[in-house]
Amino acid sequence: MRTFCLISAAVLALILQTRLSFYGISPNLTAAVVYYIGINNAPSKALFWGSLIGLVEDSIAGNILGPHLLGKGLTGFFSAVIFRGWFIWTPVMGMFGLASLTALDSLAVFLSESIFAKMPAYPLKVILILLVQGVMNFTIGALLKPRDAD
């Protein structure tokens, strides 16, 4: 049942992030889904699900396969390692954690596309996208908490 809910959340996030935009910048809602999987599971499971969600996102994007796979895999792995090993989850840590992991995901996608395909945007625009997507996911980070949190 939980797997079905996570798959449904990932599909809904993919649909919403293609439909929503804030001044031409779409949110990175799939990073929030992968973050949630990471804070509730072991690093290997979070890496697997993050990579799978990233692969689906790459397939939908129609560009090269790999940038979203790498970014979502890193997001899942680091969210599992950081919040299950190094820090105790609090709402503030969740907010900053999701915002920074969203920026990491977007940066990995940008660098991968710049190296292996063509430059998708100018660096200043990329910084703006990183900031806006991080701010969009900032408040979501307080709402997504581990199952074992008080």
Side-chain angles (χ1 to χ4, degrees), residues 6-7 9-146:
L6 290 175
I7 292 171
V11 169
L12 182 64
L14 279 168
I15 292 169
L16 284 177
Q17 76 184 23
T18 59
R19 300 287 181 216
L20 300 175
S21 72
F22 181 74
Y23 290 107
I25 299 172
S26 61
N28 192 349
L29 299 175
T30 52
V33 174
V34 172
Y35 167 81
Y36 180 76
I37 292 169
I39 62 175
N40 285 304
N41 294 293
S44 59
K45 191 172 185 178
L47 177 66
F48 170 76
W49 282 104
S51 298
L52 185 64
I53 291 170
L55 182 63
V56 170
E57 196 168 351
D58 279 332
S59 300
I60 292 171
N63 206 352
I64 60 173
L65 291 178
H68 292 282
L69 184 143
L70 174 65
K72 297 299 184 285
L74 288 173
T75 301
F77 179 77
F78 283 128
S79 62
V81 168
I82 290 170
F83 288 107
R84 295 188 63 80
W86 295 349
F87 295 106
I88 297 172
W89 186 91
T90 62
V92 173
M93 285 297 296
M95 292 167 74
F96 284 105
L98 180 55
S100 60
L101 289 171
T102 300
L104 173 73
D105 173 37
S106 298
L107 185 62
V109 169
F110 170 73
L111 290 175
S112 296
E113 288 179 349
S114 297
I115 293 169
F116 297 111
K118 60 179 175 43
M119 177 82 86
Y122 294 108
L124 287 177
K125 184 170 182 177
V126 171
I127 292 170
L128 178 66
I129 291 170
L130 294 175
L131 289 173
V132 170
Q133 286 181 342
V135 168
M136 286 179 184
N137 282 353
F138 186 76
T139 53
I140 298 171
L143 303 174
L144 300 176
K145 64 181 187 174

(request) For side-chain contact (heavy atoms from CB on, under 4.5 Å), just list the numbers for Ile25 and Gln133, CA-CA rounded to whole Å, side-chain angles, deciding distance to a tenth of an Å, and then say yes or no. (result) CA-CA 8 Å; Ile25 299 172; Gln133 286 181 342; 4.2 Å; yes
(request) List the steps and the verdict of side-chain contact (heavy atoms from CB on, under 4.5 Å) for Trp49 and Leu6. (result) CA-CA 10 Å; Trp49 282 104; Leu6 290 175; over 6 Å; no
(request) For the pair Leu65 and Phe116, evaluate side-chain contact (heavy atoms from CB on, under 4.5 Å) and give the outcome as yes or no after the intermediate values. (result) CA-CA 10 Å; Leu65 291 178; Phe116 297 111; over 6 Å; no
(request) Please test Leu29 against Ile140 for side-chain contact (heavy atoms from CB on, under 4.5 Å), starting from the C-alpha separation and ending with a verdict. (result) CA-CA 9 Å; Leu29 299 175; Ile140 298 171; 4.0 Å; yes
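Within the 4.5 Å cutoff, the side chain of Lys45 has no heavy atoms near those of the Ile37 side chain. When side chains are defined from C-beta on, Thr102 does not count as touching Tyr35, because their heavy atoms never get closer than 4.5 Å. Between Asn28 and Thr30 there is a side-chain heavy-atom pair separated by less than 4.5 Å.
For the atom pair CD1 of Ile129 and CZ of Phe22, the computed distance is 13.5 Å after rounding to the nearest 0.5 Å. Distance check, rounded to the nearest 0.5 Å: CE of Met93 to CD1 of Ile39 gives 11.5 Å. How far CD1 of Ile60 is from CD of Gln17: 8.5 Å, rounded to the nearest 0.5 Å. With rounding to the nearest 0.5 angstrom, the CD1 atom of Ile15 is 11.5 Å from the CG atom of Leu20.
Closest approach of Gly97 to Ser100, counting heavy atoms only: O-OG, 3.0 Å. When all heavy atoms are compared, the tightest approach of Ser79 to Gly38 is OG-CA, 3.2 Å. Of all heavy-atom pairs between Val109 and Pro67, the closest is CG2-O, 3.5 Å. Closest of all the heavy-atom pairs between Ala80 and Pro43 is CB-CA, 3.6 Å. Closest of all the heavy-atom pairs between Ala32 and Asn137 is N-ND2, 4.3 Å. Taking all atoms of both residues into account, the shortest heavy-atom contact from Asp105 to Ala31 is OD2-CB, 4.0 Å.
Shown here is Leu124, whose CG atom has no more than 12 heavy atoms of other residues, nucleotides or ligands within 6.0 Å. Annotation for Phe138: atom CZ counts as buried by contact number, over 12 foreign heavy atoms lying within 6.0 Å.
Every side-chain contact (heavy atoms from CB on, under 4.5 Å) that Ala10 has, sequence neighbours left out, goes to Val33, Ile53. Every side-chain contact (heavy atoms from CB on, under 4.5 Å) that Leu104 has, sequence neighbours left out, goes to Leu74, Phe78, Leu101. Residues passing the side-chain contact (heavy atoms from CB on, under 4.5 Å) test with Ser51, sequence neighbours excluded: Leu47, Leu69.
Side-chain atoms of Asp58 come within 3.5 Å of backbone N or O of His68 as a donor-acceptor pair.
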